[in-house]
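Data block below; observations after.
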Amino acid sequence: MGIFKGSIQDIYIHWLVLLLGIGVLLSGIAIFTSCRSFASFFNLPYTKNQALNKIYKQYFRYHSIYWIVFLNLLLVHLMVTITHVRLPANGAPFNTSHLFVFYSSIINFALVLTIFFSCRTMVSMFNFFRSKSLLNNRIYKKFYKYHVFYWLILAISIVTHIVFGMIHALNT
């Protein structure tokens with residue numbers, strides 16, 4: 001298996017990239033499951049089950065913290081990966097899987113920014129600097145309206161990234 005091949009430094013870096021990727025995935029799941037869109041889908045904020053409602057509200061309370069952890073892990077994951085693996089080069093072994101990992105990461109990053117800026121929690125942060133709420137803005141409402149769909153597209157892109165990342169890591 002490629003993740004166990006190479007110098008001690010290569011093995012260390014591969015495992016570091018993998019562990020950072022797992023951290024990014026888990027913090028991304030924390031963001032998604034604490035998202036109001038996710039909660040509304042399961043009717044959590046309005047459930048008659050008081051215990052479940054209380055648990056969700058405590059979990060949601062840290063939604064902004066999950067974003068901070070996620071963005072920091074993502075940045076470190078990106079820096080370590082690009083520093084070690086470099087950008088895809090023509091003729092390199094398993095170039096196709098490397099290209100899929102690279103391009104899906106660019107798509108993932110764009111989608112993460114889209115989700116971040118369409119997040120209602122982040123709107124309150126922006127409202128701090130503006131006199132009018134963004135939620136009263138017609139254009140922003142249209143942008144926010146598709147928040148759940150941005151998550152769906154991101155999920156598909158993340159699966160692609162993980163599958164081809166593992167193919168690349170195990171074969172190089």
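- Residues passing the ring-ring contact (aromatic ring centres under 6.0 Å, His included) test with Tyr62: none are found, sequence neighbours excluded.
- Atom CG of Leu111 is separated from atom CD1 of Ile106 by 12.0 Å, given to the nearest 0.5 angstrom.
- Counting only heavy atoms from C-beta outward, the side chains of Val69 and Tyr66 never approach each other to under 4.5 Å.
- Every residue meeting the side-chain contact (heavy atoms from CB on, under 4.5 Å) condition with Leu113, not counting sequence neighbours, appears here in chain and number order: Phe109, Phe117.
- Residues Ile65 and Ile31 fall within the same hydrophobic cluster, defined by Ile, Leu, Val, Met, Phe, Trp and Tyr side chains chained together at heavy-atom separations under 4.5 Å.
- Applying the side-chain contact (heavy atoms from CB on, under 4.5 Å) rule to Ile68 yields the partners Asn72; only residues at least two apart in sequence or on another chain are considered.
- Tyr103 is not listed as a side-chain neighbour of Thr160, based on a closest heavy-atom distance of 4.5 Å or more.
- By the side-chain contact (heavy atoms from CB on, under 4.5 Å) test, Val159 pairs with Val163, sequence neighbours left out.
- Aromatic ring pairs are classed by plane angle as parallel below 30°, tilted from 30° to 60° and perpendicular above 60°; the pair Phe116 and Trp67 is perpendicular.
- For His161 against Asn108, the heavy-atom pair with the smallest separation is CB-ND2, 3.6 Å.
- Side-chain contact between Cys35 and His147 is present, with heavy atoms from C-beta onward closer than 4.5 Å.
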Output a table of donor-acceptor pairs, distance under 3.5 Å, between side-chain atoms of residues 18-29 and any protein atom two or more places apart or on a different chain; print 'none' if there are none.
residue, atom, partner, partner atom, Å
Ser27, OG, Gly23, O, 2.9
Ser27, OG, Val24, O, 3.1

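- Taking Ile, Leu, Val, Met, Phe, Trp and Tyr as members and joining any whose side-chain heavy atoms lie under 4.5 Å apart, directly or through other members, the hydrophobic cluster of Ile82 also contains Leu78.
- Using modelled atom types and a 3.5 Å distance limit, the side chains of Thr33 and Tyr59 yield a donor-acceptor pair.
- Ring pair Tyr150/Phe143 is tilted by interplanar angle, where 30° to 60° counts as tilted.
- Residues Arg61 and Gln58 share a closest heavy-atom pair of NH1-OE1, 3.0 Å.
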